[in-house]
Participant: 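Structure in structure tokens, see below.
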2 protein chains.
Amino acid sequence: MRVVQQRLDRTQVVESAIAFVDACGLSELTMRRLGTALDVEAMALYRHVSGRADLLEAMVDELIDGLFDDDLMTEDSHSWEEYLQRVANATRNLAIEHPRIFPLIATQPPQAPWLRPPLRSVRWVEDFLSSLQRFGFADAEAVAAYKAFTSFLVGALLLQAASLNPEVIGDEEDSSVGGDLGEYPTVRRLQGLLMEDHAQREFDDALDDLIERIRTSTQA
Amino acid sequence: MRVVQQRLDRTQVVESAIAFVDACGLSELTMRRLGTALDVEAMALYRHVSGRADLLEAMVDELIDGLFDDDLMTEDSHSWEEYLQRVANATRNLAIEHPRIFPLIATQPPQAPWLRPPLRSVRWVEDFLSSLQRFGFADAEAVAAYKAFTSFLVGALLLQAASLNPEVIGDEEDSSVGGDLGEYPTVRRLQGLLMEDHAQREFDDALDDLIERIRTSTQA
DNA sequence: ATGAGGTGTTTACAGTGTAATCGTATTATG
DNA sequence: CATAATACGATTACACTGTAAACACCTCAT
């Protein structure tokens, strides 16, 4: 966690907070506890962070801007379809690596009303829109694609992250998870199918379909 | 809020909590404050609710089960497409009427791992699956539709609710919301388009597309 | 009338975010 | 290098949170 180091750093605070939430969950994150994790009194954090709200915002910003460093993002795309696929999978990796923080990314009020989670930084919107325009998208088409794409990501990945969350209630191995299910015959019959995990395939299918939708919408 | 009444009621507690969050936001909801809103000491709430977490869960359950009472849900659908449209629009109404609670609906860990927000009650899954099967869906098709449909709803409506949230940061009337935007020429040029609100149309379009996707996927 | 639960109140306590103040270590300036 | 300025962490303090425990009352079946 914290090595021998004399001076604290905002980056260090934020990264430790991310690690802490990954390990213990968001509700366990406390200024005092994060302080002891950094071997520092709680009030020391306020030199680098204006408060808990600012810390949460900084964690989200850190992760979202860290997306640019994903391997998928380091090389250029040769088509807008490839670009969308790279961004989608990089974001998916993020959701899988930080399932307890992703709800925050999806939920925290953005800095401007037109910034949409999870691509909620001006830098990302610039990259997204300019990339699509580089491949011939008109203004309105690029903006429409941004909105549709962010909606898709939030929907697919928030539920993916939820399924990875350790604090989900019913994870007994019993097949009759919810109790009797006596009045719900269809659910009981299909429970096996409901529990099957095809998240990766469903994600890819939905993404392919979104790409197809964007394609026909820009051709028209 | 609370009329003259001698005995408190769990329903009353939960409904008051919903009204309180609608009015003041989730972070303002406090046992003490909800108590005074009900003209009661905070500890009295614990007779009807086992704690704050239980209260939040009860609020979500109340709203989700209340979906069945929406006008759109009272009459039967004559096709699975119509059913999906009714459920989608009823949920959309819910998100619009309670934008400050919808993040909770989308985020709160479900009672079983195979329950997906926002249709996160066994009763709703039963209704959804059995309805689709009534229109000829095979087992796996109905389950796949449930997963795709819930992802769509969460993505579209969480961002819709966020845009309605009063606590969004930048709502100055200034057109240069985020600051300079000097290094982001595309964003600056398209900012007007980004701020335009076509939520209803985008929702309908995405829903139509999802329906089309489900149709072709079940025919194959 | 009498007992027994159920319901609201009071008191109490550990834990939270954070404002204010105070030394000290670090850095900038001569 | 010496000194002044500043940044940083520690300490203390306070209002507020969720909730456990004990208490008093009201309601109601017997």
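Labels below follow one simple rule: chain letters A, B, ... track the order of the sequence lines, proteins then strands, and each chain is numbered from 1.
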Participant: I need the CG-P distance between B:Leu45 and D:dT19, as an integer number of Å.
Facilitator: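 Atom CG in B:Leu45 sits about 11 Å away from atom P in D:dT19.
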
Participant: Polar atom pairs between nucleotides 24-27 of chain C and protein, under 3.5 Å, N or O only, would you list them?
Facilitator:
from   : atom 1 : to     : atom 2 : distance (Å)
C:dT26 : OP1    : A:Gln6 : OE1    : 2.6

Participant: Pairs under 3.5 angstrom only: tabulate donor-acceptor contacts from the side chains of residues 19-32 of chain B to other protein residues two or more places apart or in another chain.
Facilitator:
from    : atom 1 : to      : atom 2 : distance (Å)
B:Asp22 : OD1    : B:His98 : ND1    : 3.0
B:Asp22 : OD2    : B:His98 : ND1    : 2.6
B:Glu28 : OE1    : B:Arg33 : NH2    : 3.4

Participant: If the condition is ring pair (Phe, Tyr, Trp, His ring centres under 6.0 Å), which residues does A:Tyr184 pass it with, not counting sequence neighbours?
Facilitator: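 A:Tyr184 satisfies ring pair (Phe, Tyr, Trp, His ring centres under 6.0 Å) with no other residue.
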
Participant: In whole angstrom, what separates A:Arg52's CZ from D:dT17's C1'?
Facilitator: 13 Å

Participant: Are OP1 or OP2 of C:dG6 and a side-chain N or O of B:His48 less than 4.0 angstrom apart?
Facilitator: no

Participant: Nearest whole Å is fine: how far is C:dT16 P from A:Tyr46 OH?
Facilitator: 11 Å

Participant: Please list, chain by chain and in numerical order, all residues satisfying side chain to side chain donor-acceptor pair (under 3.5 Å) with B:Glu202, sequence neighbours excluded.
Facilitator: none

Participant: Can you check the A:Arg10 CZ to D:dG9 P distance for me, whole Å?
Facilitator: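 Taking atom P of D:dG9 as the reference, CZ of A:Arg10 is at 14 Å.
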
Participant: For A:Glu97, enumerate each residue passing the side-chain contact (heavy atoms from CB on, under 4.5 Å) test, keeping only those at least two apart in sequence or located in another chain.
Facilitator: A:Asn93

Participant: May I ask you to say what B:Arg47 touches in the nucleic acid, namely base, sugar-phosphate or nothing, with a heavy-atom cut-off under 4.0 Å?
Facilitator: base

Participant: Can you tell me the distance, in whole Å, between the CE atom of A:Met31 and the P atom of D:dA15?
Facilitator: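 So the two atoms are 20 Å apart, to the nearest Å.
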
Participant: Counting primed atoms plus P, OP1 and OP2 as sugar-phosphate and everything else as base, spell out the protein contacts along nucleotides 10-15 of chain C at 4.0 Å heavy-atom distance: B, S or - for each nucleotide, 5' to 3'.
Facilitator: B-B---

Participant: How long is the line joining CG of B:Leu56 and C1' of D:dG18, in whole Å?
Facilitator: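 The distance from CG of B:Leu56 to C1' of D:dG18 comes to 12 Å, rounded to the nearest Å.
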
Participant: So, using salt bridge (charged side-chain N to carboxylate O under 4.0 Å, His left out) as the criterion, who are the partners of A:Arg134 when residues are at least two apart?
Facilitator: none

Participant: Using the side chain to side chain donor-acceptor pair (under 3.5 Å) criterion, which residues pair with B:His48? Sequence neighbours excluded.
Facilitator: none

Participant: To the nearest Å, how far apart are A:Leu34 CG and C:dT16 P?
Facilitator: 12 Å

Participant: Compute the ring centroids of A:Phe152 and A:Phe203, then answer whether they are less than 6.0 Å apart.
Facilitator: yes

Participant: Under the side chain to side chain donor-acceptor pair (under 3.5 Å) test, which residues partner A:Thr91, sequence neighbours left out?
Facilitator: none

Participant: Could you give me the CA-CA distance, side-chain angles and deciding distance for A:Arg10 and A:Asp54, then say whether salt bridge (Lys or Arg N to Asp or Glu O under 4.0 Å) is met?
Facilitator: CA-CA 11 Å; A:Arg10 172 174 242 258; A:Asp54 185 40; 2.8 Å; yes

Participant: Can you sort out the partners of B:Asp61 under side chain to side chain donor-acceptor pair (under 3.5 Å), two or more places apart, ordered by chain and number?
Facilitator: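 Listed in chain order: nothing, the list is empty.
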
Participant: Report the residues that fulfil ring pair (Phe, Tyr, Trp, His ring centres under 6.0 Å) with A:Phe102, sequence neighbours left out, ordered by chain and then residue number.
Facilitator: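 Result, ring pair (Phe, Tyr, Trp, His ring centres under 6.0 Å) vs A:Phe102: none returned.
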
Participant: For DNA chain D, which residues in residues 101-108 of chain A have a heavy atom at a distance below 4.0 Å?
Facilitator: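 Result for residues 101-108 of chain A: none.
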
